[in-house]
Amino acid sequence: MGFEPVYDANSRVLILGSFPSVKSREIAFYYGNKQNRFWKTICGFFGEDIPETIDGKKEFLLRNNVALWDMATSCQIEGSADSSVKNATIADLTPILQSAKIQKILLNGTLAYELFIKQYATITIPYIKMPSTSPANPRFRKETWWKELQEVYKNN
């Protein structure tokens, strides 16, 4: 099973991953692999240090109006490999989209994008496939993430 979403009524950007890695499942929170570039990228964008605790990370996300969840709420998976995901249950984004002020959806990697398209291809909120923050992705560039975040936060 995946984790509960992190969001509130002020969330402006929704970041959707695929499914938690083994290390994330061990610590019971998103992007638990220290080699994953997610926290370094997003905290760097906001000019903040990476919080040490899960509560600190949740507070960081909410303070910066970032919603975070995964597209698969449950699935069969071998290790952490997105390529091994089977029988995924796709997240119901309706509660987030109805209660938050989401202006853009960032899909962290190919699987997140593919699962999103299966159910939400006609959504009117702008969405974009982002380069995965996984350490397995050699083409990751934080500038791509920062550019998309800047689009949402430029009027802050």
Side-chain angles (χ1 to χ4, degrees), residues 1-97 99-100 102 104-120 127-146 148-149 152:
M1 292 295 286
F3 311 133
E4 290 296 310
V6 177
Y7 72 100
D8 65 16
N10 297 314
S11 297
R12 293 168 60 187
V13 65
L14 172 57
I15 300 174
L16 295 166
S18 54
F19 190 75
S21 69
V22 170
K23 290 193 177 183
S24 295
R25 295 189 304 265
E26 286 172 4
I27 68 160
F29 199 64
Y30 300 95
Y31 303 103
N33 182 340
K34 295 206 183 297
Q35 303 306 311
N36 190 296
R37 296 166 274 217
F38 177 81
W39 291 111
K40 184 176 182 180
T41 299
I42 196 150
C43 291
F45 175 79
F46 290 104
E48 296 188 32
D49 292 332
I50 300 171
E52 298 284 326
T53 65
I54 291 171
D55 284 343
K57 288 175 179 170
K58 288 179 183 178
E59 196 275 328
F60 163 83
L61 293 167
L62 296 176
R63 183 177 65 251
N64 289 293
N65 304 318
V66 175
L68 182 62
W69 204 12
D70 284 319
M71 280 308 305
T73 57
S74 66
C75 66
Q76 293 172 302
I77 186 171
E78 294 177 25
S80 301
D82 278 0
S83 60
S84 74
V85 169
K86 292 181 179 65
N87 302 317
T89 301
I90 296 176
D92 178 5
L93 303 179
T94 308
I96 297 174
L97 300 178
S99 64
I102 302 299
K104 184 174 272 192
I105 299 171
L106 304 181
L107 297 148
N108 192 354
T110 299
L111 181 60
Y113 179 79
E114 289 172 351
L115 293 173
F116 179 85
I117 291 299
K118 278 185 184 178
Q119 194 154 327
Y120 300 102
Y127 59 88
I128 186 168
K129 176 182 161 189
M130 301 299 292
S132 172
T133 58
S134 166
N137 178 17
R139 293 178 302 279
F140 173 81
R141 292 188 61 227
K142 76 176 181 191
E143 294 80 10
T144 307
W145 277 82
W146 286 17
E148 293 302 325
L149 289 166
V152 175

Lys40: what forms a side chain to side chain donor-acceptor pair (under 3.5 Å) with it, not counting sequence neighbours?
none
Does the plane of the ring in Trp145 sit parallel, tilted or perpendicular to the ring in Phe38? Use 30° and 60° as the thresholds.
perpendicular
Could you pull out the closest heavy-atom pair between Pro131 and Thr144, with the gap in Å?
CD-CG2, 3.8 Å
Flag the pair Ser11 / Ile102 as yes when at least one side-chain heavy-atom distance between them is below 4.5 Å, and no otherwise.
yes
Indicate the atoms forming the closest heavy-atom contact of Ala112 with Leu16, along with that distance.
CB-O, 3.5 Å
Option from Lys104, Lys129, Lys142 for which salt bridge (charged side-chain N to carboxylate O under 4.0 Å, His left out) with Glu148 holds
Lys104
Work out which heavy atom in Ala88 is nearest to a heavy atom in Leu115; give both atom names and the distance.
CB-CD2, 4.2 Å
Inter-residue atom distance Lys57.NZ - Ile42.CD1, 0.5 Å rounding
12.0 Å
Heavy-atom closest contact (Leu62 atom, Tyr7 atom, distance)
CD2-C, 3.6 Å
Could you grab the distance from atom CD1 of Ile105 to atom CD1 of Ile15, nearest 0.5 Å is fine?
11.5 Å
Distance from Glu114 atom CD to Met71 atom CE, nearest 0.5 Å?
11.5 Å
Side chains of Thr53 and Asp55: is there a donor and an acceptor less than 3.5 Å apart?
no
Should the pair Trp146 and Phe45 be assigned to parallel (<30°), tilted (30 to 60°) or perpendicular (>60°) ring geometry?
perpendicular
Residue pair Phe3 / Ser24: nearest heavy atoms and the distance that separates them:
CZ-O, 3.4 Å
Counting only heavy atoms not in Glu4, do more than 12 fall under 6.0 Å of its CD?
no
Tyr127: what forms a ring pair (Phe, Tyr, Trp, His ring centres under 6.0 Å) with it, not counting sequence neighbours?
Phe116
